[in-house]
Engineer: 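Please see the structure below; I have some questions.
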Protein chains: 2
Amino acid sequence: MGTRKEISELPPDADLARADSLAREIFSDVANKWAFLIIEFLGQRTMRFSELRDEVGGISHKMLTQNLRMLERNGLVERTVHPTVPPRVDYNLTEAGEALRGVVDGMCGWTQRYLGHIEASRRRFKAAQGGP
Amino acid sequence: MGTRKEISELPPDADLARADSLAREIFSDVANKWAFLIIEFLGQRTMRFSELRDEVGGISHKMLTQNLRMLERNGLVERTVHPTVPPRVDYNLTEAGEALRGVVDGMCGWTQRYLGHIEASRRRFKAAQGGP
DNA sequence: CTGTATCCGCATTGATACTG
DNA sequence: CAGTATCAATGCGGATACAG
């Protein structure tokens, strides 16, 4: 066919490779329990920092801040500061965050549906290991 | 586990509370990047230990073993030992694993669809932080 | 080839204190 | 209330060695 642009200098899949590595990085960032729990709870409604802390439960101040920053950086969470005193900061999901919430919800549903399977499997596994 | 005990003494939602804590635990177990990557790749086909290691890439021997055990314990992955020499061990997803694979696939799709959003958001975030 | 065990560095985490 | 910084400790994760 017609004249191709000279791409010989770069591997043809340079963009794909970069996208893959980026995708992997995003995957590593977001696929962790705190991020998932935050997304799940924030999906229900906008929350303040301490509300979120209470809802999630078992997360330290630092980890919550850290994960919120990460989610904000990746555009999953929007942070709104109300210049009042004392300060009030609201967090809510962006469009991308809402979209990922669908995935997290799916995982919640999965957990509920397979709770029984999992418990049974754990018993089997324990029996196979420690048992006779 | 045979005879049913009197349950009137217990709060009606004792089971629910237990289920919640268990669900949370499962969530913490499974919602990590290695588990997700393993599930994603195992979903394509049955694989041996070292195939999986190569496919996932960047995972150490130890982490792969550890996560495979965890997934096996929770009944997401089935482990088949072929008594040959040298040993051959195949791993494949169970029904529960396949079901969760749907979720993981959803996340992969999400990553692809929002790659642009995320890159843009990161630039904005960086500019807002370090910039003027 | 697969799996377990051990050692060890380094990152993650939590507690605490302090600023706005 | 929200956020940052600092420090200490725990535990993750990788490398290695060895067993089946």
Side-chain angles (χ1 to χ4, degrees), chain A residues 24-38 41-42 45-74 76-93 125-126 128-131, chain B residues 24-25 27-38 41-42 45-74 76-92 125-126 128-131:
Chain A
R24 183 67 74 101
E25 184 192 328
I26 294 170
F27 216 83
S28 297
D29 261 17
V30 178
N32 80 72
K33 64 169 178 172
W34 291 133
F36 267 42
L37 286 169
I38 290 172
F41 285 114
L42 266 193
R45 58 185 175 89
T46 293
M47 284 187 193
R48 308 177 51 173
F49 184 87
S50 30
E51 286 178 307
L52 199 46
R53 181 165 158 68
D54 293 342
E55 288 286 338
V56 172
I59 188 172
S60 69
H61 191 149
K62 184 180 175 183
M63 281 302 101
L64 183 54
T65 303
Q66 206 164 290
N67 277 276
L68 282 172
R69 287 292 164 280
M70 180 274 288
L71 292 173
E72 190 192 354
R73 186 174 97 92
N74 288 321
L76 304 195
V77 158
E78 184 185 24
R79 178 168 172 271
T80 310
V81 180
H82 297 91
T84 62
V85 46
R88 176 194 179 95
V89 182
D90 286 336
Y91 291 93
N92 61 78
L93 295 186
F125 189 84
K126 182 191 280 181
Q129 298 299 311
Chain B
R24 183 69 74 101
E25 184 192 330
F27 216 83
S28 298
D29 261 18
V30 178
N32 80 73
K33 64 168 180 172
W34 291 134
F36 268 42
L37 287 169
I38 289 171
F41 284 113
L42 266 193
R45 60 187 174 87
T46 293
M47 285 187 193
R48 309 177 50 171
F49 183 87
S50 27
E51 285 178 307
L52 199 47
R53 182 163 156 69
D54 294 342
E55 289 286 337
V56 172
I59 188 173
S60 70
H61 191 148
K62 184 183 176 181
M63 283 300 102
L64 183 54
T65 304
Q66 206 164 288
N67 277 277
L68 282 172
R69 285 294 162 280
M70 180 273 289
L71 292 172
E72 190 191 355
R73 186 173 97 92
N74 288 320
L76 305 194
V77 158
E78 184 185 24
R79 177 169 173 272
T80 311
V81 181
H82 298 92
T84 61
V85 46
R88 175 194 181 97
V89 181
D90 286 337
Y91 291 94
N92 61 78
F125 189 84
K126 183 190 279 183
Q129 298 298 311

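The analysis underlying the following values was restricted to heavy atoms, covering all of them including side chains, and did not include hydrogens, waters or symmetry mates. Every chain is numbered from 1, with letters handed out A, B, ... down the list of sequences.
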Engineer: Find which nucleotide of DNA chain C each of T65(B) and R48(B) is nearest to by heavy atoms, and output the residue with the more 5' nucleotide.
Structural biologist: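 Here R48(B) is the residue nearer the 5' end.
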Engineer: Consider the side chain of P86(B), meaning its heavy atoms from C-beta on, and name the nucleotide among dC1(C), dG14(D), dG3(D) that approaches it most closely.
Structural biologist: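 Out of dC1(C), dG14(D), dG3(D), the nucleotide with an atom closest to P86(B)'s side chain is dC1(C).
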Engineer: Closest heavy-atom contact between S28(B) and K33(A)?
Structural biologist: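 Heavy atoms only, the tightest pair is OG-CD, 3.3 Å.
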Engineer: Whole angstroms only, please: what is the CE-P distance between M63(B) and dC10(C)?
Structural biologist: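 After rounding, the gap between these two atoms is 17 Å.
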Engineer: Do the ring planes of F36(A) and F36(B) sit parallel (below 30°), tilted (30 to 60°) or perpendicular (above 60°)?
Structural biologist: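 F36(A) and F36(B): perpendicular rings.
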Engineer: Quick check for you: among dT4(C), dC7(D), dC1(D), whose closest atom lies nearest to any side-chain atom of K62(A)?
Structural biologist: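 Within the option list, the nearest is dC7(D).
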Engineer: Taking atom C1' of dG11(D) as reference, at what distance in whole Å does atom CD of Q66(B) sit?
Structural biologist: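 One finds 11 Å between C1' of dG11(D) and CD of Q66(B), rounded.
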Engineer: Counting only N and O atoms by type, is there a donor-acceptor contact under 3.5 Å from the side chain of N74(B) to the main-chain atoms of L76(B)?
Structural biologist: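 No.
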Engineer: How close or far is atom C1' of dC12(D) from atom CE of M70(B), stated in whole angstroms?
Structural biologist: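 Atom-to-atom, M70(B) to dC12(D), this comes out as 14 Å.
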Engineer: When the nearest nucleotide of DNA chain D is assigned to P87(A) and to W34(B) on a heavy-atom basis, which residue is associated with the more 5' position?
Structural biologist: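 It is P87(A), whose closest nucleotide lies nearer the 5' terminus.
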Engineer: Once you round it to whole Å, what is the distance between P of dC1(D) and CG of D90(A)?
Structural biologist: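 For the pair D90(A) CG and dC1(D) P, the rounded distance is 14 Å.
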Engineer: Any donor-acceptor pair, under 3.5 Å, between the side chain of H61(B) and the base of dG3(C), if you only look at N and O atoms?
Structural biologist: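 By the distance-only test, yes, there is a pair.
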Engineer: Calculate the interatomic distance between E72(A) atom CD and dA2(D) atom P; express it in whole Å.
Structural biologist: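 In whole Å, dA2(D) P and E72(A) CD are 15 Å from each other.
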Engineer: Please name the pair of heavy atoms, one in I59(A) and one in R53(A), separated by the smallest distance, quoted to 0.1 Å.
Structural biologist: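 Looking at all heavy atoms of both residues, the shortest contact is O-NH1, 2.7 Å.
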Engineer: Remember a base hit wins even if backbone is also touched, and classify R53(B) as base, sugar-phosphate or nothing at under 4.0 Å, heavy atoms.
Structural biologist: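 No contact at all - R53(B) keeps every heavy atom at 4.0 Å or more from the nucleic acid.
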Engineer: Indicate whether OP1 or OP2 belonging to dC1(C) is found under 4.0 Å from a side-chain N or O atom of Y91(B).
Structural biologist: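 Checking Y91(B) against dC1(C): no side-chain N or O falls below 4.0 Å of OP1 or OP2.
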Engineer: Starting from P on dT12(C), measure out to CD1 on I59(A) and report it in whole angstrom.
Structural biologist: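 Atom-to-atom, I59(A) to dT12(C), this comes out as 15 Å.
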Engineer: Report the nucleotide, chosen from dG3(D), dG3(C), dG13(D), that has the shortest atom-to-atom distance to any side-chain atom of R79(A).
Structural biologist: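 Selected nucleotide (nearest to the side chain): dG3(D).
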Engineer: Considering non-hydrogen atoms only, spot the tightest contact between W34(B) and V56(B) and give its length.
Structural biologist: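 Looks like CZ3-CG1, 3.9 Å.
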Engineer: Measure the distance from CD on E51(B) to P on dT2(C) and round it to the nearest whole Å.
Structural biologist: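 That distance rounds to 8 Å.
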Engineer: Can you tell me the distance, in whole Å, between the CG atom of L68(A) and the C1' atom of dG3(D)?
Structural biologist: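 So the two atoms are 11 Å apart, to the nearest Å.
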Engineer: Answer with base, sugar-phosphate or nothing: what part of the nucleic acid does R69(B) contact at a heavy-atom distance below 4.0 Å?
Structural biologist: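 Counting heavy atoms under 4.0 Å across all strands, the contact made by R69(B) is with sugar-phosphate only.
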Engineer: Between S50(A) and dA2(D), is there a contact of a side-chain N or O with OP1 or OP2 at under 4.0 Å?
Structural biologist: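 So the side chain of S50(A) is within the cut-off, an N or O lying under 4.0 Å from OP1 or OP2 of dA2(D).
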